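We count ligands from 1, going down the list as the structure has it; atoms in each ligand are counted the same way. Fair warning: this is a prediction, and the values are worked out from it, not measured in the lab. All heavy atoms count here, side chains included; hydrogens, waters and symmetry mates do not.
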Amino acid sequence: MCGIVGAVAARPVAEILLEGLRRLEYRGYDSAGMALIDGKDIHRLRRAGKVSALADALSTEPLRGHTGIAHTRWATHGKPNEVNAHPHMSGEQLAVVHNGIIENYEPIKVQLIEQGYVFTSETDTEVVAHLLDQAIQSGMSLKQAVQNTVSQLEGAFALGVIHKDFPDLLVAARKGSPLVIGVGMGEYFIASDQLALLPVTDRFMFLEDGDIALLTQDQVEVMDKSGQDVQRSISVYEHGISAVDKGEFKHFMLKEIYEQPDVMAQVLEGRIASGHVLEQAFGVDAKRVFDQVKQVQIVACGTSYHAGMVAKYWFEELIGLPCMVEVASEFRYRSVVIREGTLLITLSQSGETADTLAALRDVKSQILASLSICNVPGSSLVRESDLCLMTNAGPEIGVASTKAFTSQLVALLLTCLVIGRRHGLSSEQEKQIVTDLQNLPTLTRAILDLDEPVKAMAEAFAEKHHALFLGRGALYPIALEGALKLKEISYIHAEGYPAGELKHGPLALVDKDMPVVTVAPNNEMLDKLKANLQEVRARGGELFVFAGCEQTLKSEEGMQVIALPACSKLMEPIVYTLPLQLLSYHVAVLKGTDVDQPRNLAKSVTVE
Ligand code: G6P
């Protein structure tokens, strides 16, 4: 989704802004631009396409200045072309960058046109530029103009504003979309996330919803939504800067797949003592909340939703606690019945997904409490939830989520264990599961050693247009996740199905051109699954099976089998995810797609 970077400094800021944009590329975008105050004028440069196109343009037409804003745009209103790229200007006076959606832009645009403003783009953002200009023309200061403008806007937005008459001032505003302030030495920055600013600072101030901030080289003034001056605390970024480099890997996605054994250990770090999960890890109020939980409602989007689907099997099978799971964009717009004692768990890598956040806000007054399982400290979900468990996976840059997913699964299992103690889970059972979790780094390393056979398997997919993924039980969501990974990065149409549903429709599609991927661990569902595999074979379908090592499934004509090391049933969804990630990665590489930034997709979906 759109990315914002801004700076006010004693040194020239164009390079800082450009590097910030490069670091926001992972969010997904289709054009880029920058505007700087050079003396008394604003100079702007925009390009459709990649940040590299903007960088090329800057090398021939450099922008100079100490105060500026920059943007990567993910088109919502209007085509992804140069005219619609940000920053947007009102005349030559001021420039604005925006992330989010202005829902009431149409009536505002009509009014502004009546008053003589000429629109040069199809975007909702341009109304912000003209509203600001109108307010300043009426005699308001830049601060008042931003307050006045923001009060007229409906929707979700983060804004960065510069004005040529205030060359040392950068104004930022946030309502519903993420924006952080980077605190430097005699310089301040704004950005959509911390990663953009790591080359210049590791100290950050998180704005609250409704905040407006005025930044100069020496100070930052923040006003809350009621216009009161407020102090927002500064926190230090905890992950190393190397976390956002590809290192020896060709793609971030591959690096992130390979980080998973270490991430498994990181999720557990500081959360286990004497073989038991420490419930304080969830927050000070955890005991009181967990004592009262009667059911769990999980809400999430995309890959995080699949993690929630796995957790349903765990909550209901392991501890007998009712658990419902729903995609946030549906949950938030229907009349949900919330029963007494409901713990709402929001799952999110970014902590900024608009639908997930809205779902939390909508039911906050009806639930027992909210728990956020999230990867980004200081994100909106974390701040607005009663309890939180950070997944500690480190920055995830590849748009297709990998390590965030498996770390969510581990965090969900920890949650299931602490709540489970109140629902008949014995201390011995908990210790055994904790031991299994502690063995995950070793186990997942062994899975990654299967990279070569998985890569060889990938060749069978490169020319295909469709694929089916099958699984049963807690492996059904893993089949969904495998299909999602393949479609996201290789653009092959892929569907996940519970294997038992095969006869109820998808079998009609099966022929030699439809590869069928199956996750088939050695559990009590295996015989049922084998019967489903026969149904595929009988129709000439080609099978690609990830199987438990002690079983009878072997490669033969029409069926390639890769055997995985044995693991306990609860670990299966985590373990079987990794070969599916590798498979989709290798297929995408063979097809030559943009693995880390697949077309049309965004990493952090901050608009609904
Ligand atoms: C986008 C990303 C997915 C992610 C989903 C939910 O679609 O491309 O990888 O699973 O958003 O994001 P969240 O940050 O809430 O987990």
Side-chain angles (χ1 to χ4, degrees), residues 1-3 24-29 74 76 99 156 176-178 192-195 251-253 256-257 298-311 325-332 344-361 370-382 384-385 388-409 411-412 477-478 480-489 491 496 577 580-581 584-585 588 593-608:
M1 292 268 128
C2 301
L24 291 177
E25 284 191 288
Y26 77 95
R27 294 166 66 89
Y29 72 102
W74 189 82
T76 55
N99 170 11
S177 292
S192 297
D193 71 39
Q194 303 164 82
L195 303 183
H251 295 102
F252 278 109
M253 182 182 177
E256 288 156 7
I257 290 173
I298 298 178
V299 174
C301 299
T303 288
S304 297
Y305 168 65
H306 294 156
M309 287 180 75
V310 173
V325 192
E326 193 163 347
V327 285
S329 54
E330 285 300 314
F331 182 85
R332 65 178 288 199
L344 179 81
I345 303 183
T346 56
L347 292 174
S348 177
Q349 189 287 128
S350 62
E352 301 292 351
T353 301
D355 284 322
T356 310
L357 202 49
L360 165 66
R361 289 173 182 160
S370 54
L371 163 65
S372 156
I373 293 183
C374 186
N375 194 35
V376 179
S379 60
S380 301
L381 267 182
V382 169
E384 294 186 28
S385 298
C388 83
L389 187 65
M390 301 312 301
T391 46
N392 293 345
E396 188 179 67
I397 307 294
V399 164
S401 185
T402 52
K403 62 176 180 172
F405 177 67
T406 45
S407 65
Q408 284 170 344
L409 290 178
L412 282 161
I478 301 310
L480 291 178
E481 175 58 12
L484 178 63
K485 286 287 88 83
L486 190 70
K487 75 179 98 166
E488 279 180 314
I489 59 168
Y491 316 147
T577 297
L580 299 187
Q581 295 170 343
S584 57
Y585 172 77
T593 56
D594 191 344
V595 172
D596 287 331
Q597 293 164 36
R599 67 185 183 202
N600 305 339
L601 298 182
K603 179 75 186 158
S604 184
V605 180
T606 50
V607 298
E608 67 170 287

By number and element, which atoms of ligand 1 are closer than 4.0 Å to a non-hydrogen atom of [X]?
X      : value
Lys603 : 1 (C), 2 (C), 11 (O)
Thr303 : 10 (O)
Val605 : 1 (C), 7 (O), 11 (O)
Ser401 : 9 (O)
Ser348 : 13 (P), 14 (O), 15 (O), 16 (O)
Ser304 : 10 (O), 13 (P), 16 (O)

>> Is it the case that the side chains of Ser304 and Gln349 hold a donor-acceptor pair, with the cut-off being a distance below 3.5 Å and no angle test?
In response: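 Checked: Gln349/Ser304 side chains show no N/O donor-acceptor pair below 3.5 Å.
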>> I'd like to know if the side chain of Lys403 pairs up with that of Thr391 as donor and acceptor (distance under 3.5 Å, no hydrogens or angles considered).
In response: no
> Any N/O of Gln349 closer than 3.5 Å to an N/O of ligand 1?
Replying inline: yes
>> Tell me whether Ser350 has any N or O atom under 3.5 angstrom from an N or O of ligand 1.
In response: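 Such a contact does occur with ligand 1.
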Side chain to side chain, [X] and [Y], heavy atoms closer than 4.5 Å:
X      : Y      : answer
Leu484 : Tyr305 : no
Val376 : Val382 : no
Glu256 : Ile397 : yes

> Closer than 4.0 angstrom: is that true for some heavy atom of Val399 and an atom of ligand 1?
Replying inline: yes
> Can Ala602 be said to touch ligand 1, with heavy atoms closer than 4.0 Å?
Replying inline: yes
> How close does the nearest protein non-hydrogen atom get to atom 12 (O) of ligand 1, and which residue and atom is it?
Replying inline: Thr353 OG1, 3.4 Å
>> Among all protein heavy atoms in this structure, tell me which lies nearest to atom 6 (C) of ligand 1, with the distance rounded to 0.1 Å.
In response: Cys301 O, 3.4 Å
Looking at [Y], is its backbone amide N or carbonyl O close enough to the side chain of [X] to form a donor-acceptor pair, meaning the two atoms are under 3.5 Å apart?
X      : Y      : value
Lys485 : Ser401 : yes
Asn375 : Ser348 : no
Glu352 : Ser379 : no

